[in-house]
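As the structure is a prediction and not an experimental result, all values here were calculated from the model.
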Amino acid sequence: AADQGELAGIALASPPPRKQRLVSLDGIRGLTVAVMILVDNLGDWFPSINHSPWNIVTLADYVMPFFLFMVGCSMSLAFKKYKAGVFLKVLKRTAKLFILGILTQGSDFPALGNLGIDLKRVRIPGILQRIAWAYFVTALIALYVPQRQLPAGSKGYFRAFRVHAWQWAVALSFLVVYLIVMLAVPIPSWSYVYGGVTMHIKCDVAGDLTPACSASRWVDVNLMGFDHMYNTGEFVRTPECSSCSPAFCPRPFRCPLNATCPETNDGPFQFELCPKGVCPDNIEYAADWCGARLDPEGTLSSMPTIVTTFIGYHFGMVLQHFPDPADRLWQWVPQATVMLVAGVVVQAAWWPASKQLWSPAYILVMAGANGIMLTLFYCLLDFTSWQPSWLRRRWKLTNSSKIALGPTDVLRPFVWVGMNTIFIYLFSPAGDLWESIQGYVYWDTPDNNLVHATYANVFCHKPTPDCLGVNDCQSVCHGGLFAGHQERWAELLWILLRIGFWIGVAGVLHYRGWYWAL
């Protein structure tokens, strides 16, 4: 999966003593992992849940900010119990996350039967690398930026904001720097080579928020070069590049004047050959920048992730400043609502919510959604005294059974996953290790392994290849349970069953008391 998910909170997934554990965080983390597996594997078949090509928010776009929010929230609880050597712990965890990210997303490691890191082309940014960055910087802010000392007995609704005012200022400074570069730095025209042909993109403008001339690509290219960036990007599904946006049906490139264009090339975009240098006008061509690289976890767009993580830290600090559960809810609900409404206003009046650029509207909308979700799970899993009798009721499976289940137990499987997030992420269908492991044992070719054979023979046998599997031209199954039906329905059931399988694995690990954290 290209943008898997997107993961945070994983660094703090190993459970502390039970009395200190916030079960609602585990539940949200586990639910987010399940959503990540779903959208990463079904995004091509159901483009409406895939990452947004550029602006606006889809289901997949909730995953990464939810994880970063939980990293911050978990951080506020974890640092409280550390007595010494905190910086060394933070440094080690950051290094582990970054190295694991390079191993799984920066190389050919995920490829079936293919291991190795090409240092010339290793991808430096990535999902775990972004989490490492956000975790490390937010930890430094929390540990070393001083808190304000309020008078003894000082109270008030904004006490948490007042105590951490200097920390808020430092966190927001990353957003300010990001906005200055994005909106005020002139971006020069640039070029790149695709299929042996040099494509020229005219910019010479500041404040452009499109894939062609945004500062995000310009910063990454100058810091890392194209070879160390993600090989395409979600932007290839924009209408300028795809004829079936938000799915991916690549438009042809118009062959530039005075250029010799290949009849075929290795990338998804093909050149429309122009006899005698004249290209037909009845074809909608791809924009010249569609074949370039733009990393969704790039350097500049990672700057405002500090704000997302620190907002999570703030929501976690509310737990320490306000011991009464009712006071915590009175803090969380209004603040989350204000952020959500503010995000909608910013989107309507100025800059749309964009996961690709991590725009201010995106920060606010995601923070509001995170806060509301935390409140809901907290009420269902931690703050149970308010619950009506029907919600607290338990039913035994049999008269002699020691196991009793109730309405809120439907969330328990997600809690199991949330307590072993890093393991489930890496080895489930969302993780890059999965593709490599399942290809170690195969018959004749790496694709002919047990997992693929089970799918082909039981669910959907020999689907007709068609249009890269996009939504508007689905393959039809020739055999299996879904014979005669579109393959995407077989994919849906297949992924749901695999999600259920890994929830079961998480349950066994929890029952045995086995937890893996970085």
Donor-acceptor contact present, side-chain Ser302 to main-chain Gly298, <3.5 Å: yes
Beyond-backbone contact of Phe248 with Asp44, side-chain heavy atoms, under 4.5 angstrom: no
Short side-chain to backbone donor-acceptor contact, Arg148 and Trp166, under 3.5 Å: no
Aromatic plane relationship, Phe310 with Tyr313 - under 30° parallel, 30 to 60° tilted, over 60° perpendicular: tilted
Heavy-atom closest contact (Ile363 atom, Val307 atom, distance): CG2-CG1, 4.0 Å
Pair Phe79 + Tyr144: ring centers closer than 6.0 Å: no
Any Thr32 side-chain heavy atom under 4.5 Å of Met70 side chain: yes
Leu183/Leu209 under side chain to side chain contact (heavy atoms under 4.5 Å, CB included): CA gap, chis, key distance, verdict: CA-CA 8 Å; Leu183 302 177; Leu209 303 177; 4.2 Å; yes
Closest contact, heavy atoms only, Phe136 versus Phe87: CE1-CE1, 4.2 Å
Side chain Trp351, main chain Ala361, donor-acceptor under 3.5 Å: no
CG-CG distance between Leu357 and Asn55, expressed to the nearest 0.5 angstrom: 7.5 Å
Donor on one side chain, acceptor on other, Ser24 and Asp382, under 3.5 Å: yes
Steps toward side chain to side chain contact (heavy atoms under 4.5 Å, CB included) verdict (Val33, Trp502): CA-CA 11 Å; Val33 170; Trp502 285 103; over 6 Å; no
Ring geometry between Trp133 and Phe174 (parallel below 30°, tilted from 30 to 60°, perpendicular above 60°): perpendicular
Verdict with reasoning, Cys73 to Leu25, per side chain to side chain contact (heavy atoms under 4.5 Å, CB included): CA-CA 8 Å; Cys73 196; Leu25 272 184; 4.0 Å; yes
Given Phe226, Trp54, Tyr230, the one that forms side chain to side chain contact (heavy atoms under 4.5 Å, CB included) with Leu294: Trp54
Aromatic ring pairing Phe383/Tyr378, orientation class (parallel under 30°, perpendicular over 60°, tilted between): tilted
Plane angle bin for Phe161 and Phe158 - parallel if under 30°, tilted between 30 and 60°, otherwise perpendicular: tilted
Worked verdict on Cys241 versus Phe269 for side chain to side chain contact (heavy atoms under 4.5 Å, CB included): CA-CA 9 Å; Cys241 305; Phe269 297 94; 4.0 Å; yes
Non-hydrogen atoms of Val39 and Ile49 that approach each other most closely: CG1-O, 3.7 Å
Heavy-atom pair with the smallest gap, counting every atom of Val236 and Cys290: CG1-O, 3.7 Å
Thr421 side chain vs Gly418 backbone, donor-acceptor pair below 3.5 Å: yes
Phe46 CZ to Asn50 CG distance, which is reported to the nearest 0.5 Å: 12.0 Å
Polar side chain donor-acceptor pair, Trp358 to Thr308, under 3.5 angstrom: yes
Arg237 (side chain) donor-acceptor with Ser242 (main chain) under 3.5 angstrom: no
Heavy-atom donor-acceptor pair, Ser189 side chain to Cys203 backbone, under 3.5 Å: yes
Geometric class of the Trp516/Phe423 ring pair [parallel <30°, tilted 30-60°, perpendicular >60°]: perpendicular
Side chain to side chain, Cys379 and Leu329, heavy atoms closer than 4.5 Å: yes
Minimum side-chain heavy-atom gap Trp350-Pro360 below 4.5 Å: yes
Ring-face cation of Arg29 near Phe377 (centre distance under 6.0 Å, axis angle within 45°): no
pair Val71-Phe67: side-chain heavy atoms closer than 4.5 Å: no
Listed partners of Ser301 passing side-chain contact (heavy atoms from CB on, under 4.5 Å), at least two apart: Arg130, Ser216
Under 3.5 Å donor-acceptor, Arg293 side chain and Met229 backbone: yes
Side-chain donor or acceptor of Asp61 paired with backbone N/O of Thr58 under 3.5 Å: yes
From CD1 (Ile28) to CG (Asn370), nearest 0.5 Å: 7.5 Å
Donor-acceptor pair, side chain of Gln335 and main chain of Gly371, under 3.5 angstrom: no
Considering all heavy atoms, the nearest Ala215-Val181 contact: CB-O, 3.7 Å
Donor-acceptor pair, side chain of Tyr192 and main chain of Ile201, under 3.5 angstrom: no
salt_bridge(Asp295, Arg123) N-O dist < 4.0 Å: yes
Geometric class of the His321/His164 ring pair [parallel <30°, tilted 30-60°, perpendicular >60°]: perpendicular
Ser354 versus Gln356, side-chain donor and acceptor atoms under 3.5 Å: no
Straight-line distance of Trp332 CH2 to Thr337 OG1, nearest 0.5 Å: 13.5 Å
Distance (rounded to the nearest 0.5 Å) between Lys96 NZ and Leu100 CG: 11.0 Å
Shortest non-hydrogen contact between Leu380 and Leu411, atoms and distance: CD1-CD1, 3.7 Å
4.5 Å side-chain heavy-atom contact, Arg412 and Leu381: yes
Any Ile127 side-chain heavy atom under 4.5 Å of Glu297 side chain: yes
Side-chain heavy atoms of Met373 within contact of Phe69, under 4.5 Å: no
Gap separating the CE atom of Met36 from the CE atom of Met64, nearest 0.5 angstrom: 10.5 Å
